[in-house]
Amino acid sequence: MSQNNNENNNNKNDNFFNKNPLITFAIFSVVVILIFKSLIGENGGAIGEQFGGQNGAVKHKKVSYSELKEMIKNKSISKVDIGQSYIKAKGEGVIYTTRLVPNDTTLVPLLDKEKIDYSGFSESNWFTEMFGWLFPFLIIIAIWMFFAGRMQKGMGGGVLGMGSSKKLVNSEKPTTKFDDVAGVLEAKEEVQEIVDFLKYPARYVELGAKIPKGVMLVGSPGTGKTLLAKAVAGEAEVPFFSVSGSSFIEMFVGVGAARVRDLFEQAKKDAPSIIFIDEIDAIGKSRAAGGMMGGNDEREQTLNQLLAEMDGFGTDTPIIILAATNRPEVLDPALMRPGRFDRQVLVDKPDYEGRIEILKVHVQGVKMDSDVKLEELARLTAGLAGADLANIINEAALLAGRKSQTTVKQEDLLEAVERAIAGLSKKNRRINKQEQRIVAYHECGHALLAETTKGAKKVSKVSIVPRGLAALGYTLNTPEENKYLAQKHELLAEVDVLLGGRAAEQVFIGEISTGASNDLERATDIIKSMVQVYGMSDIAGLMVLEKQRQSYLGGGMGGQAREYSEKMAEDMDQHIKATLDVHYEAVVARLQEYRGAIENMVTELYKTENIDGSVVRKVITDFEAENGIESKVEAPEGPEDEREIAEDMSQDQKNMDEQDEPKS
């Protein structure tokens with residue numbers, strides 16, 4: 001009840017006039033001036049009315065200048081007062097007023113001729129003159145007092161409130177719980193003790209335990225770092241102050257530091273509480289990155305203030321700082337040292353079981369058909385993050401609504417997966433028959449090599465329906481499970497699959513096209529990494545030619561200076577070309593051997609434009625049986641096999657010492 005009253009009071013105080021005192025003062029000043037002008041009026045009004053003001057029954061009437069001169073001639077006027085711009089003339093019970101005509105020299109001679117008493121008067125008085133002198137000074141004093149009050153507020157307000165973080169910080173008490181966060185079981189276990197500390201701080205203080213001041217959530221985009229931080233606050237039932245790292249950066253030096261101070265002051269007032277800084281790399285980049293001449297002064301001052309604030313409260317203060325980033329490799333070492341961000345929690349992409357749990361969370365509230373199999377969907381989405389899975393469920397619901405269905409069916413989910421991986425289908429994009437023929441043989445070449453090469457990812461679907469911005473067709477290869485290591489034969493198998501499209505064009509069309517440009521680029525990158533990073537060649541042996549940086553945004557190895565000789569670079573180029581040539585010849589030979597299977601596969605593609613991986617495997621195995629060829633097709637692993645592999649891998653990891661593992 002008290003919380004509702006506070007909210008009502010805040011809403012009453014948070015109106016336009018309280019938010020904008022300077023504008024309010026300006027409006028008030030204009031109103032006062034208008035009232036004053038209305039009092040004195042154009043003709044002197046009540047204040048300037050000395051002429052004939054004794055009698056309350058005297059009437060006032062405006063007349064034209066010519067009419068006034070006619071009344072003077074008719075002796076209807078007894079007295080005339082002439083001002084700078086107005087004339088007042090007294091008649092019988094009426095005071096006539098009119099505006100003086102400039103450069104008219106006939107009025108005074110007319111009054112002398114008619115022997116009418118006349119005199120001059122000043123249209124202004126002491127009050128109006130004094131007000132005109134003092135009003136500008138009053139405005140200047142008011143503005144100065146306004147700015148002084150704003151700058152003194154909390155010593156962090158800054159000019160016009162730019163140093164205040166109140167409008168930039170989202171303060172709330174989240175209702176998100178750990179049950180709403182799926183697929184990150186290990187990360188939830190890591191932050192569970194933070195919840196206990198915020199709920200029962202005395203228990204840890206009595207034991208002499210020091211809870212981590214800061215926890216850094218690290219992971220790829222869309223893995224649920226922000227959601228996990230909200231769940232920690234929701235479980236602990238404490239205030240949650242969330243702010244983006246970019247909100248601290250302004251054009252004016254010192255504003256970001258003032259906002260950091262203001263943020264921590266708010267959190268201390270509402271302790272126990274959680275401060276969550278999203279995308280902390282915006283302010284936490286290493287200060288050494290600026291070189292000897294220094295970097296961004298504003299960002300560095302903001303970072304220095306953040307470091308000072310994190311040292312400014314003790315370990316018994318129930319305030320926890322959570323931060324999230326996709327780029328832990330660029331953060332300042334002083335920020336990551338023990339005593340500040342003591343712990344890094346990896347929020348990784350989910351495994352098979354994790355994807356099933358995430359899908360179960362997101363299908364709540366969505367009307368799903370009884371034939372929906374989330375296990376199949378989880379198998380097809382290996383390598384996708386939680387945000388991608390949420391988008392797939394929503395995309396499937398939109399597709400079902402577009403078809404006027406009452407429930408979301410399995411085909412809607414599969415189409416949503418293809419949209420997420422390959423892009424939107426372009427059914428209206430018209431391509432000629434020759435290009436369609438090239439695309440069909442190209443994709444079938446990929447599919448054949450994927451199914452007949454040991455270590456390659458198996459085919460889920462082959463299509464010649466254009467998708468996305470440039471793809472005229474695609475072969476969907478989905479791994480059975482997330483892989484963290486790649487053996488040499490698996491990398492070379494991927495090279496063979498990539499070369500399969502180009503080789504199919506040469507074998508079956510007789511001429512190559514531009515459709516394999518991306519395939520060749522990826523194949524070259526794989527062999528180059530085998531030489532430079534993985535030590536899988538005789539060119540450099542075990543020597544690493546390019547340092548590998550941990551990056552969750554991709555492209556983490558680019559932009560580095562070359563640290564090897566020209567001779568090494570020349571040898572590496574020759575090795576890459578020779579390796580590609582050798583594998584290309586082997587791929588061409590494989591396609592010649594399975595020419596009939598390719599033709600049958602293309603025929604099936606022409607019929608339906610899409611064929612599943614099971615159809616591809618059946619076409620190949622039938623061809624092998626007819627021609628007495630030893631089968632090279634391996635059945636894809638099912639979900640049960642995946643779970644067994646995952647359990648074996650987790651058991652092996654428990655028995656292994658922690659080691660630096662290369663990323664594939």
Side-chain angles (χ1 to χ4, degrees), residues 380 414-415 417-453 456-479 493-523 526 583-584 586-624 632-633 636:
L380 293 173
L414 297 179
E415 172 64 20
V417 171
E418 290 189 45
R419 285 193 174 199
I421 296 175
L424 185 66
S425 63
K426 304 288 185 180
K427 295 182 180 180
N428 294 328
R429 180 185 293 176
R430 296 188 178 184
I431 58 176
N432 58 50
K433 292 184 178 180
Q434 178 63 15
E435 287 186 346
Q436 189 179 43
R437 182 167 175 262
I438 294 173
V439 172
Y441 280 106
H442 182 104
E443 299 303 334
C444 289
H446 285 313
L448 180 79
L449 268 297
E451 291 296 335
T452 60
T453 304
K457 299 174 184 176
K458 301 308 173 184
V459 177
S460 297
K461 186 175 184 179
V462 181
S463 175
I464 55 174
V465 176
R467 279 186 179 271
L469 297 176
L472 299 178
Y474 63 94
T475 301
L476 192 61
N477 304 87
T478 55
E494 188 172 354
V495 171
D496 289 345
V497 174
L498 291 170
L499 296 176
R502 176 66 168 265
E505 293 180 19
Q506 178 180 328
V507 172
F508 296 95
I509 305 297
E511 186 178 359
I512 58 178
S513 71
T514 60
S517 60
N518 183 254
D519 298 333
L520 299 178
E521 179 182 349
R522 291 164 58 192
I526 291 173
H583 282 267
Y584 187 76
V587 169
V588 170
R590 178 65 56 84
L591 293 175
Q592 295 281 12
E593 182 183 4
Y594 282 81
R595 177 182 284 271
I598 292 287
E599 296 290 356
N600 295 337
M601 208 181 302
V602 170
T603 302
E604 293 292 332
L605 261 182
Y606 278 147
K607 291 180 182 178
T608 60
E609 294 186 335
N610 300 284
I611 56 175
D612 293 332
S614 58
V615 176
V616 172
R617 285 183 284 274
K618 185 177 185 305
V619 169
I620 297 175
T621 52
D622 289 347
F623 176 80
E624 290 173 335
K632 300 180 179 64
V633 178

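- Distance check, rounded to the nearest 0.5 Å: CD of Glu494 to CG of Asn477 gives 9.0 Å.
- The list of side chain to side chain donor-acceptor pair (under 3.5 Å) pairs with a residue in residues 598-608, not counting sequence neighbours, reads Tyr441-Glu599.
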Q: Would you check, one step at a time, whether the test side chain to side chain contact (heavy atoms under 4.5 Å, CB included) holds for Ile464 with Leu472?
A: CA-CA 6 Å; Ile464 55 174; Leu472 299 178; over 6 Å; no
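- Side-chain contact check for Leu449 versus Leu498: every heavy-atom pair is 4.5 Å or farther apart.
- The CZ atom of Arg590 sits 11.0 Å away from atom CD1 of Ile598, with the distance rounded to the nearest 0.5 Å.
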Q | Full working for side chain to side chain contact (heavy atoms under 4.5 Å, CB included) between Asn518 and Glu521 | A | CA-CA 5 Å; Asn518 183 254; Glu521 179 182 349; 4.2 Å; yes
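- In this structure the side chain of Leu414 reaches within 4.5 angstrom of the side chain of Leu380, judged on heavy atoms.
- With hydrogens and angles ignored, the 3.5 Å screen pairs no side-chain donor or acceptor of His446 with any backbone N or O of Thr475.
- Remark: the backbone N or O of Lys458 is not paired with any side-chain donor or acceptor of Glu451 at under 3.5 angstrom.
- Closest approach of Ala456 and Ala450 over heavy atoms only: CB-O, 3.6 Å.
- Here Lys457 contributes atom NZ and Leu476 contributes atom CG; the two are 10.5 Å apart, rounded to the nearest 0.5 Å.
- For Asp612, there are no salt bridge (Lys or Arg N to Asp or Glu O under 4.0 Å) partners two or more places apart in sequence or in a different chain.
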Q) Yes or no on side chain to side chain contact (heavy atoms under 4.5 Å, CB included) for Glu511 and Gln506, after CA distance, side-chain angles and deciding distance? A) CA-CA 5 Å; Glu511 186 178 359; Gln506 178 180 328; over 6 Å; no
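- Of all heavy-atom pairs spanning Met601 and Ala447, the tightest one is SD-CB, 4.1 Å.
- If you take NE2 on His583 and OG1 on Thr453, they are separated by 10.5 Å, rounding to the nearest 0.5 Å.
- The two residues Gly445 and Ala504 have their closest heavy-atom pair at CA-CB, 3.9 Å.
- The two residues Leu605 and Cys444 have their closest heavy-atom pair at CD1-SG, 3.5 Å.
- The line from NZ of Lys461 to OG of Ser614 is 11.5 Å long, rounded to the nearest 0.5 Å.
- A search for side-chain hydrogen bond (donor to acceptor under 3.5 Å, both in side chains) contacts involving Asn610 returns Ser463, not counting sequence neighbours.
- Nearest heavy atom pair, residue Ala597 against residue Leu448, reads CB-CD1, 4.5 Å.
- Asn432 contributes atom CG, which lies 12.0 Å from atom CZ of Arg437 (distance to the nearest 0.5 angstrom).
- Of all non-hydrogen atoms in Leu499 and Ala523, the two that sit nearest each other are CD2-CB, 4.5 Å.
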Q: Report the C-alpha distance between Val587 and Val495 in whole Å, list the side-chain angles of each, state the deciding distance to 0.1 Å, and finish with yes or no for side chain to side chain contact (heavy atoms under 4.5 Å, CB included).
A: CA-CA 10 Å; Val587 169; Val495 171; over 6 Å; no
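- In Lys618, the NZ atom is not crowded: 12 or fewer heavy atoms of neighbouring residues, nucleotides or ligands sit closer than 6.0 Å.
- At least one cation-pi condition fails for Arg502 and Tyr584: the charged atom is not both under 6.0 angstrom from the six-membered ring centre and inside a 45 degree cone around its axis.
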